[in-house]
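Step one of this worksheet: look at the structure below.
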Amino acid sequence: MKKIISFTFFAVVLTFGMQTISAQRVLTYTEYVKNVREKNIEYLVERYNISIAEANARAARVMPDPEFSFNYENNQDWNVQMGQVYSAELGYTLELGGKRRARIAAAKSEQQMTEALVEDFFRNLRADATLFYLEALKQKQLAGLALSSYQSMRALAHADSLRHAVGEISEVDAMQSRLETNTMMSDYFQAEMGYRNMLFDLVVFEGGTAAIDSISGELSLIIRTYQLPNLIDLAQDNRADLRAAIRGRELSAANLRLAKANRIIDLGLNIGFAHNTVALNEEAPAPRFNAISAGISIPLKFSSINRGELQAAQYSEQQAAAQYDMVLLQIRKEVEQSYNNYLSASRRAELYQNSILADATTILERKKYSYSRGEASLLEVLDAQRTANDVFQSYYEMLYNANASLVELCRAVGVWDLEF
């Protein structure tokens, strides 16, 4: 009777625990992705790169500042009385060769490339976050399977204790039933702990928001029909890293134009005004007078002999073109591999779903029925239970693989159409 009471009490605790979880925060996949986009810390850090690039683009529009200078000259006015000079000059560097226009174009291309890279970062972040959500769903269903197995074994142990009390089975069989019940209870605790740990991983992806008590949804077989050529075309239209490679080519071309513009001389323009005081020197007296000056300074561009900056820009342009071709090839490879993996994983899961699960369940139920009639041994029932658990665990793993391969296909294509 004590055994029966303890089993009943544990069942009440489990039931109460599940009710408490359902009354607390239950996270949906839609809410989860929304929180990842808005609050994920890594993504927030990456988004600062866009603000930095925008600020650099504004800074590239700045024109050279004019220079103002003021001078004072004393021509020994205190002893030979040659007078004093007060002069002011305004100078400005006139950039030639379209340097400012090239700087603006380079900064704009860099900004656009940064935006594409940040978008590509979120593409991978969303895929990784979704994989963790799928892993949590799998762990949730494994915990549910462990709980169901425990409850089934507990009922069997309860029945065996009653059968032993009336002498239908031996004490060893009743003890074996209790032992298996405790073992399955331990398995459930371990599976539940794995599920709780996965929920904390989801909190990290959300950016450390409120604790998650449970998640909604369950793993199911999602069958989608795709045409591989269409997927490749779709990926080339939507992949942000390909857009980043295109912007990279534009940036390298803009840097090459800027390097060429920097080799062109700049003109220095200046205009000045000077006031000379009266000179009272007896040998060379002079009245006070004003002087106006204007001039142009032309730098001697000996630095243009060094073509290192220009050659580096040319090589960067060639590198960007090769990188674009590499990204195109990489996209094609990722789409084809993800597509093949999805087909294989979904077919394996479908095989389990259509026949193997039903066979394992039927065998277990018939073994239990035969055992209740005394036509099968307890070991046969336990063996059937373990086999059924292994089958369902393999099935959940295959469901996860099928869904994960679909996520990888969405990652490769750059288009999302998922709901769990």
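Note that the numbering runs from 1 along the sequence shown for the chain. What you see below is based on every heavy atom in this structure, not just the backbone, and it leaves out hydrogens, waters and symmetry mates.
When side chains are defined from C-beta on, Lys301 does not count as touching Ile264, because their heavy atoms never get closer than 4.5 Å. The shortest distance between side-chain heavy atoms of Ile52 and Ile50 does not fall below 4.5 Å. Using a 4.5 Å heavy-atom threshold, the side chains of Glu180 and Arg386 count as touching.
Qualifying side-chain contact (heavy atoms from CB on, under 4.5 Å) partners for Gln311, counting only residues two or more places apart in sequence or in other chains: Arg307, Gln314, Tyr315. Residues forming a salt bridge (charged side-chain N to carboxylate O under 4.0 Å, His left out) with Glu67 (at least two apart in sequence, or on another chain): none. Residues satisfying the ring-ring contact (aromatic ring centres under 6.0 Å, His included) test with Phe200, not counting sequence neighbours, are none. Qualifying ring-ring contact (aromatic ring centres under 6.0 Å, His included) partners for Tyr342, counting only residues two or more places apart in sequence or in other chains: none. Qualifying side-chain contact (heavy atoms from CB on, under 4.5 Å) partners for Ile215, counting only residues two or more places apart in sequence or in other chains: Leu27, Tyr133, Ala136, Leu137, Lys140, Tyr195, Leu199, Leu202, Ile212. Applying the side-chain contact (heavy atoms from CB on, under 4.5 Å) rule to Asn197 yields the partners Met193; only residues at least two apart in sequence or on another chain are considered.
With Thr362 contributing its side chain and Ala358 its backbone, the two residues share a donor-acceptor pair below 3.5 Å. Counting only distance, with no hydrogens or angles, the side chain of Thr114 and the backbone of Ala53 share no donor-acceptor pair below 3.5 Å. For Ser152 (side chain) and Ser148 (main-chain N/O), no donor-acceptor pair under 3.5 Å exists by modelled atom type. A side-chain donor-acceptor contact under 3.5 Å links Ser316 to the backbone of Ala312. Although no hydrogens or angles enter the test, the distance criterion places no donor-acceptor pair under 3.5 Å between the side chain of Asn270 and the main chain of Leu90.
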query: For Thr130 and Tyr32, what are the C-alpha separation, side-chain angles and deciding distance, and is it a side chain to side chain donor-acceptor pair (under 3.5 Å)?
result: CA-CA 9 Å; Thr130 301; Tyr32 172 63; over 6 Å; no
task: Determine, stepwise, if the pair Ser405 / Asn341 fulfils side chain to side chain donor-acceptor pair (under 3.5 Å).
output: CA-CA 6 Å; Ser405 62; Asn341 291 338; over 6 Å; no
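Using a cut-off of 4.0 Å between Lys/Arg side-chain N and Asp/Glu carboxylate O, Arg100 and Glu95 are scored as not salt-bridged. Classification of Glu350 and Arg347 as a salt-bridged pair fails, no side-chain N sitting under 4.0 Å from a carboxylate O. Asp128 and Arg411 are joined by a salt bridge, as a carboxylate oxygen and a charged side-chain nitrogen come within less than 4.0 angstrom of each other. In this structure, Glu31 pairs ionically with Arg25, as a charged nitrogen and a carboxylate oxygen lie closer than 4.0 Å.
Under a cut-off of 6.0 angstrom, the local environment of CD in Gln190 is sparse, with at most 12 non-hydrogen atoms contributed by other residues, nucleotides or ligands. Surrounding OH of Tyr369 are at most 12 heavy atoms belonging to other residues, nucleotides or ligands under 6.0 Å away. Atom NZ of Lys368 has more than 12 heavy atoms from other residues, nucleotides or ligands within 6.0 Å. Arg263 CZ: more than 12 foreign heavy atoms inside a 6.0 Å radius. For Leu94, the CG atom is densely surrounded, since the number of other residues' heavy atoms within 6.0 Å is greater than 12.
In this structure, Ile223 and Ser346 approach most closely via the heavy-atom pair CD1-CB, 4.2 Å. The nearest pair of heavy atoms linking Ala106 to Asn255 is CB-OD1, 3.6 Å. Nearest heavy-atom pair across Ala388 and Leu364 is CB-CD2, 4.0 Å. Between Asn75 and Val80, the shortest heavy-atom distance links the atoms O-CG2, 3.8 Å. The two atoms that bring Val381 and Lys367 nearest to each other are CG2-O, 3.5 Å, heavy atoms only. Shown here for Asp120 and Ala240, the closest heavy-atom pair between the two residues is N-CB, 3.6 Å.
Cation-pi contact between Lys138 and Tyr396: absent, since separation from the ring centre below 6.0 Å together with deviation from the ring axis within 45° is not met.
The list of salt bridge (Lys or Arg N to Asp or Glu O under 4.0 Å) pairs with a residue in residues 264-273, not counting sequence neighbours, reads Lys99-Asp266. Within the structure, every pair that satisfies the ring-ring contact (aromatic ring centres under 6.0 Å, His included) test and touches residues 78-106, not counting sequence neighbours, is listed here: Tyr72-Tyr86. The salt bridge (Lys or Arg N to Asp or Glu O under 4.0 Å) pairs that include a residue from residues 236-246 are Glu119-Arg243, Arg123-Asp241, Arg239-Asp241, Arg239-Glu334, where partners are two or more places apart or lie in different chains. Identified under the salt bridge (Lys or Arg N to Asp or Glu O under 4.0 Å) test for residues 41-59, with sequence neighbours left out: none. Sorted by first and then second residue, the pairs that involve residues 37-71 and meet ring-ring contact (aromatic ring centres under 6.0 Å, His included), not counting sequence neighbours, are Tyr43-Phe122.
With values rounded to the nearest 0.5 angstrom, Gln176 atom CD is found 8.5 Å from Thr183 atom OG1. Once rounded to the nearest 0.5 Å, the distance linking CG of Leu156 with CZ of Arg178 reads 12.0 Å.
Between the side chains of Gln385 and Asn389, a donor-acceptor pair is found at a separation under 3.5 Å.
By the 30° and 60° cut-offs, the orientation of the rings of Tyr395 relative to Phe392 is perpendicular.
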Table please: side-chain donor-acceptor pairs of residues 245-253 below 3.5 Å, with sequence neighbours left out.
{"from": "Arg247", "atom 1": "NH1", "to": "Gln112", "atom 2": "OE1", "distance (Å)": "3.3"}
{"from": "Arg247", "atom 1": "NH1", "to": "Glu250", "atom 2": "OE1", "distance (Å)": "3.0"}
{"from": "Arg247", "atom 1": "NH1", "to": "Glu250", "atom 2": "OE2", "distance (Å)": "3.3"}
{"from": "Ser252", "atom 1": "OG", "to": "Gly248", "atom 2": "O", "distance (Å)": "3.3"}
{"from": "Ser252", "atom 1": "OG", "to": "Arg249", "atom 2": "O", "distance (Å)": "2.8"}

